Each structure stands twice: as structure tokens, then as C-alpha cells.
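Structure first, then comments.
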Amino acid sequence: MDVSSIITSLNDDQRLAVSAPMQAMLVLAGAGSGKTRVLVHRIAWHIQVNHISPYNILAVTFTNKAANEMRNRIEELLETPARAMWIGTFHGLAHRLLRQHAKQAKLPDTFQVMDSDDQLRIIKRLMKNLNLDDSKWPPKQAQWFINAQKDEGIRAKHMHDNGDFYNRQMKDIYLAYEDVCQRSGLVDFAELLLRAHELLRDNEDLLAFYRQRFQQVHVDEFQDTNTIQYAWLRLLTEGNNNLFVVGDDDQSIYGWRGAKIENIFNFQKHYPEHGIVRLEQNYRSTGHILKAANTLIANNDNRMGKELWTAAGEGQAISLYSAFNEQDEAYFVVEKIRQWVRDGGLRSETAILYRSNAQSRQFEERLMTTATPYRVYGGLRFFERMEIKNALAYLRLSTNPHDDPSFERVVNTPTRGIGAKTLDDMRILAREQQLSLWQAALAMLESNQLPARASNALRGFLNLIIALGETTKELSLHETVKQVVETSGLIELYKKEKQDKGEARVENLEELVNAARLFDYDSENAENLGELDMFLAHAALEAGEMQGEVDEDCVQLMTLHSAKGLEFKLVFLVGLEEGLFPSQQALDDAGRLQEERRLCYVGITRAMQQLYLTHAESRRLYGKDSYPRASRFLRELPPESIQEIRLRANVSRPTTNSASQSKGLGSKGTYKLGQPVRHEKFGEGVVLQMEGEGEQERVQINFRNAGIKWLMLAYAKLDAA
DNA sequence: ATAACAGAGCTTTTT
DNA sequence: GCTCTGTTAT
């Protein structure tokens, strides 16, 4: 076997990591330094050089995308499939363990995974039952609280309420929630991890088995692990000193959802016999960009320490543009993108990155008016769409009728005459007698307490579900799904809905049937689970990037968080303003501020060739005009790498003060400050100031190509741009 | 049972 | 200011 192929293509540091002795390893991999490459080659190294069977290897990631990519790349490198190797997300692997050992995990064989939407519904319901005022106790907060406890490995019964009223209340909700989940056979995301941890912790034989099996354990994005994930990894590797982690403390941006950057420091304590490798050579960006990133992040403390460098040249300086307002910012960015495209670039090589989703709007509008194709990331994914969740609810009920959230979701969707009264009675009965809604419904039918109409409707629904369960046994998966979608009446329902929306929903349902047809049922690894149950688990664990990908060449719009791991030739990092980025909530918290800085670092390091930074001097936020100061991050960048963009030489722009003055003037006129306009001769521009009234009304406009001009409204032919 | 209305909320997201 | 949710009124 030609072993050299595994390491010849690597640089010295990468090679050091890949060929390190079999011991605990910490690889600090800077942005664009070949992190995945090292993981992939390390695993190939184990297989080919250390002769470890794929069966004895475990690799954990955070996203399905990363897991799939890793498996593909390993198989490509080895030129052989390695199905026996466990590669997956924390949640996916935990799910697999729980399936395989459901009994020992104290779960029913048919347990199903629910997403956060289902979870929130359960919590809302149960809080209503507890008579809690949801304005005083927001269900979202309770959900957040429960998940935070689970992330820390804390069960309701182990919580200390410290005599605190709030904690006491939360504890009660948590207790009730655990109860409902256990009874309906439902497991939320955090529960997967917590239970998988408990499973190993409490079953010595199992733990021994897996410790022996997983001779080498690899973790990607280690800086994002939370307490329970790290605890699980420690259980698996304790005594074996075989944990290989790759991460970047400077790219830790998920502290707010429980990620513990400290795990990196703790790793060094917990595995005293470990090696460290730093990957600092960057293969993505040019010199100025890396210099900016390095200089910025140096403002953080408690770093492991790392400095990116490149063998490529300095490249172009980073451009900084101060916009008048958010429209002008969008205008500027879109113009630059159009120029890029005119110069032969692809739209898909460009990305607009922002701190919060709400910022996408201005850019979308501008892109729309210029007929520039774009794609906004984030938002609903395929399996989260209402019509899909409804169809899945029918499927879930057909395998487990005690799934209350699914029952609630579709019992009267489409409407079949099961009203609020009937449902309320059913809920009360279910709660009083500790029954599932399904059981309560059966009981009510039996006791003949319902009016005939309601009774018939309800019986109709129950029969529908039972019939679905029967057909499932005979039909293939996609036929089952097709059957459900049709006989449930969902297709009918959405066909009637207002044209475009309903049409899209019908299409999505058809796409669901298609997804079922294409579903790759790996019966070997199905852990005795039917195809339908596997499909449902798949739907919950992999919300699906697969929303009918348009392969058009599109400008990419996304938040900084979703940009992590991606790269673009041309990047716009927008809205660099105090209160927006760094966010308002981070301003008075040193720890959060540092996380914002890391986020900025992530943003900067997405750029390969050219980076634009923009901020607006005025911005409408929550319906109010604000005049934010430029982000502190801008001041933390090396001036020699930054080039300020001026539209015209020596153009003076309104300062904060004059901007607020002109706002007053603008209120009575036809035009608004910052409004984009078009003039026959001067082309496109932005309104800067207004004065006078009626015949005398004048507008000052900053024209893109003609500079700043005062125009009499009565004579100038202006159109909204 | 649908539409209209009022009220809340408003960083970031994967699983 | 806008969007989403849940409630109320027809």
C-alpha cells in the first residue's frame, strides 16, 4: 500500500498532526488552514498505517453536511467505502446509540425525535395545563431554560431551586415536560445527548464495549462542544488517551447556545499526555485580509494563540465604505457586485454577510430592482415547512398514535369538524387520567359522551390513522407517503389555498414523496427499525438543505454565523456599527463582546480575494432612526490594510448632527433622507437633504456618477430609483 | 371557520 | 416599522 500518498500533499504542520503517535491530540486549526483535510488524512492514516479497522473508528461533527463531506473525502482518499466507520453528528450518533439500546436507555423502541418546534408546542400546552400566564412566563424562555439544563447534563430532579421562585417554577415545568415526553415516546435534541451520556454512564458493560470498539475518536469543531457533549467524549475515551480534537478557539461563536470554549483548556488538563499542533498557514485569503484578521483578534484575551500567514501575496487592501444610511449601503454593495459581474466574476463568488437576518431586506430590495439573482440562506428548511410537518405528523401517528404533538397538529387539519370543545374535553381527560390524546379520544368515543357529529368526526380521524397504519405495512415507503398525503386530505386542502402559496405547498408535498422514494434505507444500520421510522428520524435529524436547489448563479446572503466554514472571493461585511455589530446586548459584557469579535474574525476570514467593510451613519432600527457610531472593530483593524472609499473627491457627508437636522426638513417634503432616486441626466443618486416647500422645495442629491447637486424639485425630473 | 385585529418581540442556529 | 402569533368577531 502506498502510504506516502496520505502525507505527501500536506504541509509540515498538517503532516505532524496526521502522523502523530496514537495519543490525545489537540489541533488548533486556523481559518482556511486545512482543518477537514487533517481530519480526513488522520483517519486514512490510522486505517492504512496503523491498521486500525474502520469499524474501530469514530468521528464526530456538528452538522450533517460536515459529516457527509468527511465520509466522502475519506472514502475518496482510501478509494474504498468504509461503512463500518461511525461518522456523524453528535445528535445522529447519540440517536443511533439510543436506537440500538433503547431498553437500557429506558425508551420505547418506537421513540421518535422531535424538533424544537414540536418541543415548544409541548411546553405551551403543558404550561396552559399548569395555569401559567404565558405573558408572565414566556414558553420560549422555559424551552430555553430546559435545553440549557440538559446541555449541562442536569435533570429536573437534580436541579436546585435555591428557594428561588423563578427556578422553582422552571423546575416544575421541566418535570412536567420530562413526564410528557417520556409518555409520548418523544425525545428532543438535547435529550438525545443527555440520554446517550446517561446510557453509557450507567451501563458499565456497554461503556466497556464502546471504549474497546472506538480505538480512535475524532472531533471536528471542538470549540463548539457543550458540557454534555464533552462529557460524553470523555466517557468514551477515558483511560485510552485516544481523543483527537480539531478546533479553533478564535472561531468559537456559539457560546450563547451552550458551547464551552473552556473545553479546549480543560482538554489539556484532562488529557495530560497530549500533543498540540497549530495550523497557521492559510490557503484561502490574501495578506491584507489575514493581517486584518490577526490584528483584530489580538484584542481578545485568553486565547490559545495563533497567527495566520499566507504564502500568497498581500493582495488588495480591504475597502471601507461609510454609507449615509442602510439604503445607500445596499446601493453601494450591489453596485460593486454588478461591477464584479461585469468584470467577468460570478455572482456565486460573492457574499453579503450581516449580523442579523433583518438586515437582508435592504439588500434584497436593491438586488431585486437591479434584477440581480440572489439567494438568502436561513429561514425555513424543507422538513420544517408547515405542510411537510403536517404530513409527517400523519406518518408519525400511524406508527405511534400516542405522539400527542402530532395528534394536536393534524387532528383537525384539514378541518374535519373536530372543534375546540371536543379537543378541550379530550385534553382534560388525558391530563386527569394520564392518557395520551389518542387514548383519551378512544375513551370518549366509548363512553358516548360526545354529540353525534363530533363523535363521527373523531371516529373518522381515528379510523383514518388506523387505516394508514395498516396500509403502511404493505406499501413501500414512498407509496406510504403518497397515500398519507392524499388520503389525509392535505393535498386537497392546499390546492384550495390561495394560488401561489398553496401551489408551492402542493409541490413540497410532492417533493416529500420524492424524498421518500430517494431515501437511502440502510437496513444494515437500521437498528431493527422500519423504513418509515428511519425516514422520520432522518426528517427530524436532518432538516434538509434540499429545498429544490436552484442552480442559478446567485449572490449569497447570509448571517455571519451561517457563513462559518464557507469562503467567497468577494465578501461584503455590512452593518459594522456599535449596537448592531457588536450587538447591543454584547456592549456591556466583556465575554460576549469577545464572542462578537470572534464573529467578526470569522467574517473577515471568509474572504479570499477582496473584502469590503461597510457601516451606515444612519439606520432605521425597529421603526426608529438611529445614528450609530462605527463599530469598534473597525478601529481595531490595521490602518495600512484599509482603504477608505470616497464616492467623489472631498465629498462631505452629513455628520450625525446635520443628519438629524435634515431629517426634520425632510419630514414635510416628498422625499425622504437617503431615498434612492434617478435623474434623467445625472443618473442614480441618494437624497441627502431637503429644504423649502412647494415651488421652492429643493433637494440635495448625491449622484453616483455626477457628485452632489442641489435640485429644484419643481424643475428636476426625479424618479424613485 | 375564516378574516380581521391586536399585541408582542426584535441577535445569532444545528440538531 | 415589520412580521408573526393568537384571539376575537363575523
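In what follows, chains are A, B, ... by sequence order, proteins preceding strands, each numbered from 1. Treat the numbers as computed from the prediction; the structure is a model and nothing was measured.
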- Query: Under the ring-ring contact (aromatic ring centres under 6.0 Å, His included) test, which residues partner A:Y177, sequence neighbours left out?
  - Reply: none
- Item | C1'-based separation of B:dT14 from C:dT3 [nearest Å] | 24 Å
- Determine the Euclidean distance between corresponding P atoms of B:dT12 and C:dT5; express it in Å to zero decimal places. 15 Å
- Side-chain N or O of A:N64 closer than 4.0 Å to phosphate OP1/OP2 of B:dT14: no
- Task: Select one nucleotide: of B:dT15, B:dT12, C:dG1, the one nearest the side-chain heavy atoms of A:H91.
- Result: B:dT15
- Message: On a heavy-atom basis, which atom in A:E596 and which in A:P582 lie closest, and how many Å separate them?
- Response: OE1-CA, 3.4 Å
- Query: Between A:F363 and A:F572, is the ring centre distance below 6.0 Å?
  - Reply: no
- Interatomic distance where CD belongs to A:Q143 and C1' belongs to B:dT15 [whole Å]: 13 Å
- Message: Does A:S562 reach a base, just sugar-phosphate, or nothing at all? Heavy atoms under 4.0 Å.
- Response: sugar-phosphate
- Task: Starting from C1' on B:dT15, measure out to CD on A:Q112 and report it in whole angstrom.
- Result: 15 Å
- Message: I want to confirm an ordering. Mapping A:N357 and A:A540 to their closest nucleotides on DNA chain B, which one lands closer to the 5' end?
- Response: A:N357
- Note on the structure: When A:A190 and A:I418 are each assigned the nearest nucleotide of DNA chain B, the 5'-most assignment goes to A:I418
- Task: Measure from the side chain of A:K124, starting at C-beta and using heavy atoms only, and say which of B:dT12, B:dT15, C:dT5 lies closest.
- Result: C:dT5
- Task: Select one nucleotide: of C:dT7, B:dT11, B:dT12, the one nearest the side-chain heavy atoms of A:R592.
- Result: B:dT11
- Query: Counting side-chain heavy atoms from C-beta on, which of B:dT15, C:dG1, C:dT3 comes nearest to A:R361?
  - Reply: C:dT3
- Item | Base B:dT11 paired with A:R257 side chain (donor-acceptor, <3.5 Å) | no
- Whole-Å distance separating the OH atom of A:Y254 from the C1' atom of B:dT12: 7 Å
- Item | Spacing between A:Y354 atom OH and B:dT13 atom C1', to the nearest angstrom | 13 Å
- Message: If the cut-off is 4.0 Å, is A:T559 near the phosphate of B:dT13, judged by side-chain N/O to OP1 or OP2?
- Response: yes
- Looking only at heavy atoms, what is the nearest atom pair of A:K564 and A:D224, with distance? NZ-OD2, 2.8 Å
- Item | A:R381 side-chain proximity, nearest of B:dT12, B:dT14, C:dT7 | B:dT14
- Item | Integer-rounded Å distance: B:dT15 P and A:F62 CZ | 11 Å
- Query: Considering only side-chain heavy atoms of A:H561, which listed nucleotide, B:dT13, C:dG1, B:dT15, is closest?
  - Reply: B:dT13
- Touch class at under 4.0 angstrom, heavy-atom based, for A:E191 against every strand present: nothing
- Short question: side chain of A:N300, backbone of A:E595 - any donor-acceptor pair under 3.5 Å? no
- Query: Does B:dT11 sit syn or anti, given that only angles within 90° of 0 count as syn?
  - Reply: syn
- Note on the structure: Whole-Å distance, A:D625 CG to C:dG1 P, equals 9 Å
- Side-chain atoms of A:R620 come closest, of B:dT13, C:dG1, B:dT14, to C:dG1
- Message: In whole Å, I'd like the distance from the CG atom of A:D224 to the C1' atom of B:dT15.
- Response: 13 Å
- Message: Can you see if the side chain of A:T63 gets near the phosphate of B:dT14 - specifically, an N or O under 4.0 Å from OP1 or OP2?
- Response: no
- Message: Taking the ring of A:F62 and the ring of A:H91, is the distance between their centroids below 6.0 Å?
- Response: no
- Task: Return the stacking result for B:dT14 and A:F189: yes when the ring centres lie under 5.5 Å apart and the planes under 30°, no otherwise.
- Result: no
- Using the ring of each side chain (for Trp, its six-membered ring), is A:F214 parallel, tilted or perpendicular to A:Y210, with breaks at 30° and 60°? parallel
- Message: Would the base of B:dT12 count as contacting A:S583 through its side chain, where contact means a donor and an acceptor less than 3.5 Å apart?
- Response: no
- Quick note, A:W256 side chain, CB onward, closest among B:dT12, B:dT11, B:dT15 is B:dT12
- For atom P, what is the distance between C:dC4 and B:dT13, given to the nearest Å? 15 Å
- Query: Between A:R598 (CZ) and B:dT12 (C1'), how many Å, whole number?
  - Reply: 13 Å
